[in-house]
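Take a look at the structure below.
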Amino acid sequence: MSSQKIWLITGVSSGFGRCLTEEVLKAGDFVIGTLRKPQQVEEFNRQYAGKAMAVRMDVTKKNEIVDGLRLAMGSHKHTDVLVNNAGYGLFGAVEEASEQETRAQMETNFFGALALTQAVLPSMRKQRSGHIVQISSVAGVCTLPGLGIYNASKFALEGFSEALAQEVAPLGIKVTLVEPGPFRTHWAGDSAKIAERSIPDYENTAHATTKQIQGYNGNQPGDPVKAAQAIIRAVGSATPPVHLPLGEIAIDRIREKMRNLEKEIAAWEEVSVKTAFAA
């Protein structure tokens, strides 16, 4: 029996998705990548002929998920690793974000990932193996002004994935949330979207965050190739983590949140514990 793994990776046009594709292929595995445009699919299939295949899929459209998976499963009867990578960041204060902008963010980052996860689980349950990798973010654990809606989408991804990890562990299926800090991808550049509404009162909070992040675009400390290698190492581990922060900035911010949360709990513990019915 071949030991080659079949990876299904969403959003492989650039960034983490493309870097992960190339590193997975170097490791000798096969990639089914999703792209939204027909010309991207054709180009991908020419470039990686025999080593990978692309399917057209917009993760916000259920019919394209169904059709894309049917095509993928027609060529390869199972999926060993699902990587929910497709996503983008919406910048803007919470008050500035319109309902349409907010729903679009959630449709891609949360509902799209949820739909793909639910779609591959039946085959993974049947084979009693598999690994679901959710490309989250340090923003799925720690917040910043100006990223509230993006935070919400990634917090939602983290929430269902943590529960899922407990549900599928007895079935031989693993779940890993990848939580990168700043990496040199297009997330803060071409892929970013900014809320159309702008309120001057948020100039020193939400808007300052946007300017700061856009200001270091192209100079982020994180190397996406090394991130891809870390993901492959986690998938290959007998004991992969549920949470995989990537980069010193992500680790430092998460640890700072944990310290601050503990301080806050301790400061109000006396009040908190006195909320039970009297004996």
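Just the heavy atoms: all of them, side chains too, but no hydrogens, waters or symmetry mates, feed the values below. Remember, it's a predicted structure, so these values are computed and weren't measured experimentally.
Within a 6.0 Å sphere centred on CG of Asn219, other residues, nucleotides and ligands contribute more than 12 heavy atoms. Under a cut-off of 6.0 angstrom, the local environment of CD in Glu264 is sparse, with at most 12 non-hydrogen atoms contributed by other residues, nucleotides or ligands. By the neighbour-count criterion of 12 heavy atoms within 6.0 Å, atom NZ of Lys257 is densely surrounded, having more than that number from other residues, nucleotides or ligands. Environment of CD in Glu203: crowded, with over 12 heavy atoms of neighbouring residues, nucleotides or ligands closer than 6.0 Å.
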Problem set entry | Pair Val24-Thr21, side chain to side chain contact (heavy atoms under 4.5 Å, CB included): steps then yes or no | CA-CA 5 Å; Val24 167; Thr21 293; 5.9 Å; no
For Lys274 and Glu270: C-alpha separation, side-chain torsions, deciding distance, then whether salt bridge (Lys or Arg N to Asp or Glu O under 4.0 Å) applies. CA-CA 7 Å; Lys274 292 180 178 179; Glu270 185 178 352; 3.4 Å; yes
query = Does the pair His78 and Ile6 meet the rule for a side chain to side chain contact (heavy atoms under 4.5 Å, CB included), with working shown?
reply = CA-CA 7 Å; His78 69 285; Ile6 307 299; 3.9 Å; yes
(Q) side chain to side chain contact (heavy atoms under 4.5 Å, CB included) for Phe111 and Thr60? Distances and angles first, verdict last. (A) CA-CA 7 Å; Phe111 285 108; Thr60 68; over 6 Å; no
As a quick check of understanding, evaluate side chain to side chain contact (heavy atoms under 4.5 Å, CB included) for Phe183 and Phe16, giving each step before the final call.
CA-CA 9 Å; Phe183 274 75; Phe16 279 130; 3.7 Å; yes
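Interatomic distance, Glu23 CD to Arg233 CZ, rounded to the nearest 0.5 Å: 14.5 Å. Atom NZ of Lys154 and atom CD of Gln134 lie 9.0 Å apart (nearest 0.5 Å). Atom CG of Leu69 and atom CG of Leu82 lie 8.5 Å apart (nearest 0.5 Å). Atom-to-atom distance recorded for Ile199:CD1 and Glu96:CD is 5.0 Å, nearest 0.5 angstrom. Interatomic distance, Leu71 CG to Ile32 CD1, rounded to the nearest 0.5 Å: 8.5 Å. Rounding to the nearest 0.5 Å places CZ of Arg259 at 6.0 Å from CD of Glu256.
Remark: side-chain polar atoms of Thr79 are not paired, donor with acceptor, to backbone N or O of Val81 under 3.5 angstrom. No side-chain donor-acceptor contact under 3.5 Å links Asp29 to the backbone of Gln4. With hydrogens and angles disregarded, a donor-acceptor distance shorter than 3.5 Å links the side chain of Asn85 to the backbone of Gly11. The backbone N or O of Phe30 lies less than 3.5 Å from no partner atom in the side chain of Lys51, so there is not a single donor-acceptor pair. Gln40 places a side-chain N or O within donor-acceptor distance of the main-chain N or O of Lys37, the cut-off being under 3.5 Å. A donor-acceptor contact shorter than 3.5 Å is absent between the side chain of Arg36 and the backbone of Met57. Ser161 contributes no side-chain N or O that, together with a main-chain N or O of Glu158, makes up a donor-acceptor pair within less than 3.5 Å. Between the side chain of Gln220 and the main chain of Gly222, no donor-acceptor pair closer than 3.5 Å is present.
Side-chain contact check for His207 and Gln212: no donor-acceptor pair (N or O, by modelled atom type) lies under 3.5 Å. Side-chain atoms of Tyr202 and Glu95 form a donor-acceptor pair, as typed in the model, at a separation below 3.5 Å. In this model, a donor atom of one side chain and an acceptor atom of the other lie less than 3.5 Å apart for Asn84 and Thr117.
For the pair Lys193/Tyr150, no side-chain contact is recorded, criterion being any heavy-atom separation below 4.5 Å from C-beta on. Using a 4.5 Å cut-off on side-chain heavy atoms (C-beta onward), Phe160 and Phe110 make contact. A heavy-atom distance below 4.5 Å is not found between the side chains of Val55 and Phe44. Side chains of Val235 and Val133 form a contact here, defined as non-hydrogen atoms less than 4.5 Å apart. Within the 4.5 Å cutoff, the side chain of Ile132 has heavy atoms near those of the Leu121 side chain. Residues Leu157 and Asn109 form no side-chain contact, since every pair of their non-hydrogen atoms from C-beta on lies 4.5 Å or further apart. Tyr48 places a side-chain heavy atom less than 4.5 Å from the side chain of Leu25. You'll find the side chain of Ile173 reaches within 4.5 Å of the side chain of Arg125, heavy atoms only.
Under a hydrophobic clustering in which Ile, Leu, Val, Met, Phe, Trp and Tyr are joined whenever their side-chain heavy atoms come within less than 4.5 Å, directly or via other members, Ile149 and Leu114 fall into different clusters. Trp7 and Leu116 fall into different hydrophobic clusters, where Ile, Leu, Val, Met, Phe, Trp and Tyr side chains are chained together by heavy-atom contacts under 4.5 Å. Val83 and Val59 end up in different hydrophobic clusters when Ile, Leu, Val, Met, Phe, Trp and Tyr side chains are linked at under 4.5 Å. Met73 and Val12 are members of different hydrophobic clusters when ILVMFWY side chains are connected at heavy-atom separations under 4.5 Å. Criterion: ILVMFWY side-chain heavy atoms under 4.5 Å apart, direct or through other members. Under it, Leu164 and Leu171 are part of a common hydrophobic cluster.
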Pairs of donor and acceptor atoms involving the side chains of residues 100-107, under 3.5 Å and at least two apart or interchain, shall be tabulated with distances.
from   : atom 1 : to     : atom 2 : distance (Å)
Glu101 : OE1    : Ser98  : N      : 3.0
Glu101 : OE1    : Ser98  : OG     : 3.2
Glu101 : OE2    : Glu196 : N      : 2.9
Thr102 : OG1    : Ser98  : O      : 2.9
Arg103 : NE     : Glu99  : OE2    : 2.8
Arg103 : NH2    : Glu99  : OE2    : 3.3
Gln105 : OE1    : Leu90  : N      : 2.9
Gln105 : NE2    : Tyr88  : O      : 3.0

Would you be so kind as to tabulate the donor-acceptor pairs closer than 3.5 Å made by side chains of residues 242-255, with sequence neighbours excluded?
from   : atom 1 : to     : atom 2 : distance (Å)
His243 : ND1    : Glu179 : OE2    : 2.7
His243 : NE2    : Glu162 : OE2    : 2.9
Arg253 : NH2    : Thr143 : O      : 3.0

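Considering every non-hydrogen atom in both Pro145 and Thr209, the closest pair reads O-OG1, 2.7 Å. Asp223 approaches Val225 most closely through the heavy-atom pair OD1-N, 2.9 Å. Of all heavy-atom pairs spanning Ala54 and Asn45, the tightest one is N-OD1, 2.7 Å. Across all non-hydrogen atoms, the minimal contact from Pro180 to Ser137 is CD-CA, 3.6 Å. Between Ala195 and Gly92, the shortest heavy-atom distance links the atoms CB-CA, 4.3 Å. The nearest pair of heavy atoms linking Ser272 to Thr275 is O-OG1, 2.8 Å.
Between Glu42 and Arg56, no side-chain nitrogen of the basic residue sits less than 4.0 Å from a carboxylate oxygen of the acidic one, so the salt-bridge criterion is not met.
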